There are 2 protein chains.
Amino acid sequence: MNTPNRSTAEPLANGHPTRERILDAAEELFAIKTYEGVSVRQIMSKAEADVSLAYYHFKSKRDLFDQVMLRRAAHLNEIRLDALRAVEQRHPDDAPTVEEIIDAFTHPLLELLRNQHDEWQYYFRLVANINSSAEWGGELMTRYFDPLVSRFIEALRKALPDSTDEDLYWSYHILSGALTLTIAETGRLDNLSGGICHSDDMDGIIERMPRFVAAGFRELCSKKSR
Amino acid sequence: MNTPNRSTAEPLANGHPTRERILDAAEELFAIKTYEGVSVRQIMSKAEADVSLAYYHFKSKRDLFDQVMLRRAAHLNEIRLDALRAVEQRHPDDAPTVEEIIDAFTHPLLELLRNQHDEWQYYFRLVANINSSAEWGGELMTRYFDPLVSRFIEALRKALPDSTDEDLYWSYHILSGALTLTIAETGRLDNLSGGICHSDDMDGIIERMPRFVAAGFRELCSKKSR
DNA sequence: ATACTAATTCAACAGTTGTTGAAATTCAAA
DNA sequence: TTTGAATTTCAACAACTGTTGAATTAGTAT
């Protein structure tokens with residue numbers, strides 16, 4: 001249940017089983033209790049392994065954290081880039097619509113969160129926490145995700161030829177905030193709405209986010225409106 | 001510089017000066033290093049007071065955290081509610097526009113962050129961190145801010161009479177994410193844009209957020225489009 | 001000056017933290 | 001079976017954690 005497709009997928013990432021169990025435990029605990037809120041002992045206890053093994057497989061607690069972050073980052077970049085390329089190949093001559101680009105940016109994440117929830121939920125929560133905290137571990141994520149984001153913004157610029165760079169970046173900022181809070185799955189919306197909405201209803205957000213955000217982009221990044 | 005208007009404003013909140021210094025130090029350190037990332041000793045060292053004084057003025061570390069959260073919450077609710085009431089009084093007969101409501105929801109915060117940056121920046125960062133973490137201290141913020149949010153959603157429902165509750169709540173979710181990331185002031189956008197945008201440029205976001213978000217609300221919460 | 005409370009200091013507690021070194025075990029190649 | 005490396009266990013370290021009680025000072029009303 002925790003390692004869904006052992007033989008077929010990800011030939012490189014299949015490291016030592018103990019190492020993977022440590023990463024799993026660390027991922028979950030870092031996500032729900034923050035980095036300093038969890039001790040190496042708690043992590044190793046959840047991983048059912050001796051404390052020292054953490055320092056055999058990783059250089060330090062901080063290194064363990066970095067490896068947790070990096071483990072899934074490459075795959076994430078890959079599928080999102082694939083989605084963007086697919087959209088672009090569907091439009092050999094004209095530019096894709098804003099909706100299509102936003103969808104390529106968000107859909108892979110949300111679908112992962114829907115179809116493989118158990119495997120990805122804690123990683124996404126962790127990314128969300130990092131992403132909205134100024135000090136911490138941000139450089140790591142920035143280094144890994146910013147190139148991808150730049151490619152998307154480039155695509156959006158083509159779809160919105162009258163846009164200013166400033167408008168484009170601020171619009172992306174809003175999109176980023178919306179996506180971040182979504183993948184955090186805080187459950188805050190569940191309470192607020194009195195059960196009408198559910199944070200883990202990915203279909204609900206998949207069909208709404210691109211439309212909402214695309215409308216915002218058009219409002220801000222078109223010549224006519226200002 | 002740290003206590004800007006001592007004699008005129010907030011007659012109730014003027015507690016013991018030491019207590020205030022502890023709250024200031026705790027606010028800043030909690031915001032940039034997380035709750036468990038900071039020790040009581042570090043806080044009291046920054047506040048230039050003995051460790052034990054933390055337990056004279058507060059029941060526990062957790063209580064200190066709660067008081068940091070609550071200190072500014074009432075004032076925040078007040079000015080946002082005032083802004084909403086002002087908009088509603090400006091429309092005795094018809095409903096306010098979506099822009100106006102969104103603006104009443106966001107503008108007080110952003111203006112505070114612009115005009116009294118030194119006093120409010122860490123509190124907002126802290127709120128942002130809390131808001132996008134599932135487990136932690138969320139109930140406290142939820143209890144304090146949800147009534148206000150419900151009032152705003154009620155106003156939005158009137159401005160968008162064809163909307164579904166579900167669409168309305170999901171739209172608010174997107175707005176909430178955007179606002180949360182903004183007040184976090186992570187500086188991520190500065191790097192990404194290569195200096196074109198600045199996380200602390202409140203004018204930039206003040207003039208963009210309501211327009212962007214209102215367009216999204218209209219796209220999602222109007223009958224014609226779906 | 002006296003009495004009394006509010007505020008602050010000092011010293012210490014039991015438990016936990018990240019991390020390390022040496023010894024013991026597992027396991028495949030010779 | 002012997003060799004040698006990869007993996008796991010056990011015990012311990014100095015430093016730091018949240019928290020408390022008793023002693024001390026500051027400040028105010030009598």
Side-chain angles (χ1 to χ4, degrees), chain A residues 2-3 6 12-71 126 129-130 135-137 140, chain B residues 2-3 6 12-71 126 129-130 135-137 140:
Chain A
N2 231 355
T3 44
R6 188 162 21 189
L12 287 179
N14 223 353
H16 198 102
T18 303
R19 194 186 131 100
E20 295 287 300
R21 261 181 21 246
I22 299 175
L23 286 170
D24 287 339
E27 184 177 74
E28 177 171 344
L29 290 176
F30 284 153
I32 64 184
K33 311 244 296 173
T34 78
Y35 176 78
E36 11 256 336
V38 179
S39 68
V40 179
R41 282 172 175 81
Q42 287 174 295
I43 294 170
M44 299 309 287
S45 165
K46 176 157 212 107
E48 295 183 297
D50 190 277
V51 208
S52 307
L53 276 177
Y55 297 87
Y56 176 73
H57 289 282
F58 305 93
K59 285 210 291 240
S60 62
K61 186 187 181 185
R62 177 60 207 243
D63 179 49
L64 169 56
F65 177 85
D66 288 348
Q67 299 310 319
V68 166
M69 288 286 97
L70 293 178
R71 178 164 61 148
L126 194 44
N129 291 341
I130 299 296
E135 212 75 357
W136 228 85
L140 205 148
Chain B
N2 231 354
T3 43
R6 187 161 23 189
L12 288 179
N14 223 353
H16 196 101
T18 303
R19 194 187 131 102
E20 296 288 300
R21 258 177 30 243
I22 299 174
L23 286 170
D24 287 340
E27 185 177 74
E28 177 172 344
L29 291 175
F30 284 153
I32 64 184
K33 311 242 299 174
T34 79
Y35 176 79
E36 11 256 334
V38 179
S39 68
V40 179
R41 282 172 177 80
Q42 287 174 293
I43 293 170
M44 299 310 288
S45 165
K46 179 161 211 100
E48 295 183 296
D50 191 276
V51 207
S52 308
L53 276 177
Y55 296 88
Y56 177 74
H57 289 282
F58 305 94
K59 286 211 291 244
S60 62
K61 185 186 182 186
R62 177 59 208 244
D63 180 48
L64 169 57
F65 177 84
D66 288 349
Q67 300 310 320
V68 166
M69 289 283 98
L70 293 178
R71 179 165 59 147
L126 194 44
N129 291 340
I130 300 296
E135 212 75 358
W136 229 84
L140 205 148

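On a predicted model such as this, the values are computed, not experimentally measured, just so you know. So you know, we letter chains A, B, ... as the sequences are listed, proteins then strands, and number each from 1.
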Checklist entry - So do B/K61 and B/L64 actually touch side chain to side chain, heavy atoms under 4.5 Å? => result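 In short, these two side chains do not touch, never coming nearer than 4.5 Å.
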
Checklist entry - Do the non-hydrogen side-chain atoms of B/I130 and B/F30 ever get within less than 4.5 Å of each other? => result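 No, every pair of side-chain atoms sits at 4.5 Å or beyond.
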
Could you tell me how far apart [X] ([atom1]) and [N] ([atom2]) are, to the nearest whole angstrom?
{"X": "B/R19", "N": "C/dA6", "atom1": "CZ", "atom2": "C1'", "result": "15 Å"}
{"X": "A/M44", "N": "D/dC10", "atom1": "CE", "atom2": "C1'", "result": "14 Å"}
{"X": "B/L53", "N": "C/dC10", "atom1": "CG", "atom2": "P", "result": "11 Å"}
{"X": "A/H57", "N": "D/dT8", "atom1": "NE2", "atom2": "C1'", "result": "8 Å"}
{"X": "B/I22", "N": "C/dT8", "atom1": "CD1", "atom2": "P", "result": "8 Å"}
{"X": "A/F65", "N": "C/dG18", "atom1": "CZ", "atom2": "P", "result": "14 Å"}

Checklist entry - Is the closest side-chain donor-acceptor distance between B/S45 and B/Q42 under 3.5 Å? => result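 Checked: B/S45/B/Q42 side chains show no N/O donor-acceptor pair below 3.5 Å.
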
Working to the nearest 0.5 Å, report the span between [atom1] of [X] and [atom2] of [Y].
{"X": "B/T18", "Y": "B/M44", "atom1": "OG1", "atom2": "CE", "answer": "8.0 Å"}
{"X": "A/T34", "Y": "B/K33", "atom1": "OG1", "atom2": "NZ", "answer": "12.0 Å"}
{"X": "A/H16", "Y": "A/R21", "atom1": "NE2", "atom2": "CZ", "answer": "8.0 Å"}
{"X": "B/N129", "Y": "A/E135", "atom1": "CG", "atom2": "CD", "answer": "10.5 Å"}
{"X": "B/L23", "Y": "B/R71", "atom1": "CG", "atom2": "CZ", "answer": "4.5 Å"}

Item to check | Sequence neighbours excluded - side-chain hydrogen bond (donor to acceptor under 3.5 Å, both in side chains) pairs with any residue from residues 51-60 of chain A | outcome: A/D50-A/S52

Next on the checklist: Just to be sure I understand: a Watson-Crick pair is purine N1 to pyrimidine N3 plus N6-O4 or O6-N4, both under 3.5 Å. Using that and G-U wobbles, which stems of three or more pairs involve DNA chain D?
Outcome noted: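 The stems that DNA chain D takes part in, listed by first number, are C:3-6 with D:25-28, C:8-29 with D:2-23.
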
Is there a side-chain polar atom (N or O) of [X] under 4.0 Å from OP1 or OP2 of [N]?
{"X": "A/Y56", "N": "D/dT7", "value": "yes"}
{"X": "A/H16", "N": "D/dT8", "value": "yes"}
{"X": "B/T18", "N": "C/dA7", "value": "no"}

Next on the checklist: What does the B/S/- profile of nucleotides 14-29 of chain D look like, 5' to 3', with a 4.0 Å heavy-atom cutoff to protein?
Outcome noted: ---BBBBB--------

